[in-house]
Number of protein chains: 2
Amino acid sequence: MIPDDVVSPLPSQRALGDLVTDVLREMITGGRFQPGQHLKETELAEALKVSRGPIRQALARLEEEGHVELRRHRGAFVSTLTRTDVEEVHTLRGAIERLAAGRACTRMQGAGFAEMDEVLEQMKSVDTKIDPEDAVRLDLQFHDIIYAYCDHSRVQRVWESIRGQVTVFLRARNASFPDFLEVGYSEHKELRDALALGDPQAAQDGIDKHILGAYERLKRLNLPDR
Amino acid sequence: MIPDDVVSPLPSQRALGDLVTDVLREMITGGRFQPGQHLKETELAEALKVSRGPIRQALARLEEEGHVELRRHRGAFVSTLTRTDVEEVHTLRGAIERLAAGRACTRMQGAGFAEMDEVLEQMKSVDTKIDPEDAVRLDLQFHDIIYAYCDHSRVQRVWESIRGQVTVFLRARNASFPDFLEVGYSEHKELRDALALGDPQAAQDGIDKHILGAYERLKRLNLPDR
DNA sequence: CAATGGGTAACTGTTTACAATCTACAGTGA
DNA sequence: TCACTGTAGATTGTAAACAGTTACCCATTG
């Protein structure tokens, strides 16, 4: 058995289309493209040094995730975030995370809570550093744990399909309400304790409260109606 | 302005890939392919007289809907329905339909309930004819109305992604429990009345009860664990 | 000046063909 | 029997070309 350290990682065992999807998603959520911008397959293919096939695959996925809008014979356009999107993402997320938490709270055992506590520790220390991007990363990491332990492939998939947009919201929130960095820890700690009761009902109530709070804050953002 | 009634619909402005998706989905859920069967892109392309492009697009979608399993460099395999699948689909459906019903009950107004009553009328008369396929169609139609009126594109999309598998379950249920055809009407009538109260909480409770009942029945089916 | 209609350019949708890559499986040898 | 090797078959990735459509410009018309 050869240790992992000495083997140089192979070019990529993932499908090219998946890689392209990740790259484009990051470029969109990272603000490298303007909302409404026309993404042309040929240009993207040239820029990323791949053919149009993987590009089309990626754009189809990004459309499912709501990052681009596909218009027949017109192409892909970067989505504009509307008030409706914020509402839909939050209500849907509330519905599935409620389910996820109810299942996860009885499956996380020690290991899951250990992972959570590690994230919480970092959240506490972030208060002093105040790097918004770290706050976003930790927030997502915390919730990823819930989805990982809920043991439900379909719920996980739905989460992945809205995760990118949630990321955008979190960034927008941090940009508009920098004071949130301070309450991030306490809110998540509260949710962790609710899960730790091991009672699905308590876990679900905890999620309802948590997601609702996030939504209420975000609603104060100034977004176009459509 | 020319009214919609007089214009004949154009040949088909849908993408070929979408058509292929529908055809393949129907073939799989209709039992034309054996579970576990290896679907080869080239064969499908030849059979449907299209190129591999649309086939790949269709297989990617069907994988998201859980009808086929895609193994890298191996191809597509028709999914085998397991006990886990039944559980996942029902719990996820419960979560989103709960949300959908809470929203729909205040948005359906007269028109929505009129549509529902029409479906209910047909359900009542099905009792005498006993065509299982009609029962499946009406059951789906009833719930489609809830999703249509919930005014939530993302929830609708999730529903579409599991709708095919729900169809499979309904068919299996009717095959194993033909007596269900008789209680179908009353259960849906009960749900309709809960929605008619216009109270989101009551609507959600109605859904919980309805979906749970469906799940309990289906669990009695003899399915492989995985 | 607004509305109509032709024409064009650009892009996507689809097909075809080929190269690269990977998996499974049978065969080989110890 | 076990591990390794090689090959066949299949899929993925790439490339090029054509067809269909859309948007836009612009001259024409009333």
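By convention in this document, chain letters (A, B, ...) are assigned in the order of the sequence lines, proteins followed by strands, and residues within each chain are numbered from 1. The analysis underlying the following values was restricted to heavy atoms, covering all of them including side chains, and did not include hydrogens, waters or symmetry mates.
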Please tabulate, one pair per line, all N/O donor-acceptor pairs under 3.5 Å involving side-chain atoms of residues 39-50 of chain B, not counting sequence neighbours.
residue: E41(B); atom: OE1; partner: R52(B); partner atom: NE; Å: 3.0

Next on the checklist: Base contacts versus sugar-phosphate-only contacts with protein, heavy atoms under 4.0 Å: please encode nucleotides 4-10 of chain D as B, S and - from 5' to 3'.
Outcome noted: ------S
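- Interface residues of residues 52-63 of chain B facing DNA chain D, ordered by number: R52(B), R56(B); criterion, heavy-atom separation under 4.0 Å.
- Sorted by first and then second residue, the ring pair (Phe, Tyr, Trp, His ring centres under 6.0 Å) pairs with a member in residues 64-117 of chain B read H38(B)-F77(B), H90(B)-F169(B), H90(B)-Y215(B); sequence neighbours excluded.
- Annotation: side-chain contact (heavy atoms from CB on, under 4.5 Å) contacts of A203(B) (sequence neighbours excluded): A101(B), C105(B), L195(B).
- Remark on DNA chain D: of its neighbouring residues K49(A) and L39(B), the 5'-side contact belongs to L39(B), judged by nearest-heavy-atom nucleotide.
- For E69(B) (side chain) and V78(B) (main-chain N/O), no donor-acceptor pair under 3.5 Å exists by modelled atom type.
- By the salt bridge (Lys or Arg N to Asp or Glu O under 4.0 Å) test, E87(A) pairs with R103(B), sequence neighbours left out.
- In this entry the distance linking CZ of R71(B) with C1' of dT21(C) reads 18 Å, nearest Å.
- The side chain of L16(B) lies closest to dT15(C) when the candidates are dT12(C), dT15(C), dT11(D).
- Under the side-chain contact (heavy atoms from CB on, under 4.5 Å) criterion, E216(A) pairs with L212(A), K219(A), sequence neighbours left out.
- In this structure, L48(B) atom CG and dT14(C) atom P are separated by 14 Å, rounded to whole Å.
- Atom CZ of R72(A) and atom C1' of dA23(D) are 16 Å apart (whole Å).
- Under the ring-ring contact (aromatic ring centres under 6.0 Å, His included) criterion, F142(A) pairs with H188(A), not counting sequence neighbours.
- As a whole-Å value, the separation of E46(A) CD from dC11(C) P is 10 Å.
- For A58(B), the side-chain contact (heavy atoms from CB on, under 4.5 Å) partners two or more places apart in sequence, or in a different chain, are V20(B), T21(B), L24(B).
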